[in-house]
Q: 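Please read through the structure below; I'll follow up with questions.
Only heavy atoms go into these numbers, but all of them, side chains included; no hydrogens, no water, no symmetry mates. Just so you know, ligand 1 is whichever comes first in the structure, and atom 1 is the first atom listed for that ligand.
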Amino acid sequence: MDGNGRWAKQRGLPRTAGHTAGEENLAAVVRSAVRLGIDHLTVFGFSTENWVRPRQEVRHILGLHKKLFGRVAELNELNVRVRWIGRPFDDPAARTPRYVQRAIAKAIRDTEANTGMTLTVAFDYGSRTEIAHAVETLRRDGREITVEAIDSALYQPDLPPVDVLVRTSGETRVSNFLLWQAHGAPISFASAAWPDYSSDDLRAAVELARNSPNHR
Ligand code: IPE
Ligand code: MG
């Protein structure tokens, strides 16, 4: 969800205000996604690379994830099930603080009976790290390294392949997000910074997915 910093800068606000607006817009986009009948929405909340940002900004973003995972009443009302992808908490390189771990675990538990959309939040996530972890897991178990085996060893093997990838804020580069899962997927480019990403933008992404021949 790119562009929170730029959104804030344009308004003469601190970057943290952009992240706050971004978290609020995610709640709105989740509502739109449910209305559009989307089965899976996966969002990149915080990457394995984001830890190098200034301490105060990281702390603010962590607090926003606690808030996000705390939106259980809202998610239950929408029949949305929450999941998480990221570096396992027991990985020596993992840095997710306990209070965020607890918020993630609680949100998953308190929404697991919901049968509508699945909202997967990527936190402390990096696609290359995920693929390396999958291969390492297979190697340790003495398994053959095949495409199907790697599929089955990803953080969330149940996550379906990506139908459309969204890039916000005019970004045209590929990020370290679902690289394995998104092969062949069309990319929906939105000029809006994430806090301004709208239900119309989301509808355009869904249309793109519908009209794209399947290259998988
Ligand atoms: C996305 O907004 C939020 C996170 C990466 C956590 P950015 O912080 O990347 O915003 P820009 O790219 O500086 O505008
Ligand atoms: Mg950015």
Side-chain angles (χ1 to χ4, degrees), residues 1-33 41-71 75 82-89 91 93-104 107 119-131 155-156 159 162 164-179 181-182 185 187-199 201-202 204-205:
M1 298 175 280
D2 228 321
N4 292 347
R6 276 163 279 180
W7 181 94
K9 197 171 177 200
Q10 278 159 13
R11 287 160 179 76
L13 298 168
R15 294 179 58 82
T16 48
H19 296 312
T20 299
E23 195 277 335
E24 275 158 21
N25 195 43
L26 176 58
V29 171
V30 166
R31 239 165 234 286
S32 303
L41 178 67
T42 305
V43 294
F44 205 175
F46 196 78
S47 77
T48 48
E49 291 82 37
N50 286 152
W51 294 106
V52 302
R53 292 191 180 202
R55 240 217 319 256
Q56 189 228 347
E57 184 178 348
V58 169
R59 205 180 308 127
H60 185 84
I61 295 171
L62 294 185
L64 287 171
H65 277 79
K66 183 169 183 252
K67 184 175 172 208
L68 165 64
F69 286 107
R71 290 180 182 264
L75 296 165
V82 174
R83 295 174 95 177
W84 159 73
I85 41 170
R87 209 150 39 177
F89 298 143
D91 186 307
R95 293 180 58 180
T96 306
R98 284 276 166 181
Y99 76 94
V100 178
Q101 294 184 21
R102 276 196 294 270
I104 291 172
L119 170 66
T120 304
V121 180
F123 183 90
D124 194 23
Y125 176 82
S127 192
R128 283 149 50 94
T129 300
E130 177 185 35
I131 296 164
Y155 293 147
Q156 288 287 358
L159 205 64
V162 172
V164 59
L165 193 74
V166 171
R167 290 305 272 132
T168 60
S169 206
E171 292 286 351
T172 52
R173 68 191 166 81
V174 171
S175 75
N176 191 13
F177 188 52
L178 304 179
L179 294 171
Q181 298 88 332
I187 307 179
S188 178
F189 296 102
S191 56
W194 173 254
D196 288 333
Y197 188 79
S198 68
S199 55
D201 291 324
L202 187 63

Q: Donor-acceptor check, side chain of R71 to backbone of A27, threshold 3.5 angstrom: yes or no?
A: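 No, R71 side chain to A27 backbone: no donor-acceptor pair under 3.5 Å.
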Q: Whether K66 and E23 form a salt bridge (side-chain N of Lys/Arg under 4.0 Å from carboxylate O of Asp/Glu) is what I want to check.
A: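 So E23 does not pair with K66 through a salt bridge.
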Q: Let me confirm one number: the OH-CD1 distance from Y155 to I131, rounded to the nearest 0.5 Å.
A: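 The distance works out to 9.5 Å.
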Q: Would you tabulate the polar-atom pairs, meaning N/O of ligand 1 against N/O of the protein, with distances under 3.5 Å, reported to 0.1 Å?
A:
from	atom 1	to	atom 2	distance (Å)
ligand 1	2 (O)	N4	N	3.2
ligand 1	8 (O)	R15	NH2	2.8
ligand 1	8 (O)	R53	NH1	2.6
ligand 1	8 (O)	R53	NH2	3.4
ligand 1	9 (O)	D2	OD1	3.0
ligand 1	9 (O)	R53	NH2	3.2
ligand 1	10 (O)	G3	N	3.4
ligand 1	10 (O)	N4	N	3.2
ligand 1	10 (O)	G5	N	2.9
ligand 1	12 (O)	D2	OD1	2.9
ligand 1	12 (O)	R6	NH2	2.8
ligand 1	13 (O)	R15	NH1	3.1
ligand 1	13 (O)	R15	NH2	3.2
ligand 1	14 (O)	G5	N	3.3
ligand 1	14 (O)	R6	N	2.8
ligand 1	14 (O)	R6	NE	2.7

Q: Can you measure from CG (L26) to CH2 (W194) and round to the nearest 0.5 angstrom?
A: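 These two atoms lie 5.5 Å from each other.
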Q: Which protein N, O or S atoms does the Mg ion (ligand 2) have within a distance shorter than 2.8 Å?
A: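 Only D2 OD1 fall inside 2.8 Å of the Mg ion (ligand 2).
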Q: Per the side chain to side chain donor-acceptor pair (under 3.5 Å) rule, which among D124, T48, T129 passes with R87?
A: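 By the side chain to side chain donor-acceptor pair (under 3.5 Å) criterion, R87 pairs with just one of D124, T48, T129: D124.
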Q: Assign the ring pair F44 / Y125 to parallel, tilted or perpendicular, where the plane angle (0 to 90°) is split at 30° and 60°.
A: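 Ring orientation of F44 relative to Y125: perpendicular.
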Q: Please identify which of these residues, F89, F46, F69, meets the ring pair (Phe, Tyr, Trp, His ring centres under 6.0 Å) condition with W84.
A: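 Checked F89, F46, F69 against W84; only one passes ring pair (Phe, Tyr, Trp, His ring centres under 6.0 Å): F89.
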Q: Rounded to the nearest 0.5 Å, what's the gap from OG1 on T96 to NE2 on H65? Could you check?
A: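 Between atom OG1 of T96 and atom NE2 of H65 there are 9.5 Å.
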Q: Got a sec: does the CD of E171 have more than 12 other heavy atoms crowding it under 6.0 Å?
A: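 Check passes, neighbour count above 12.
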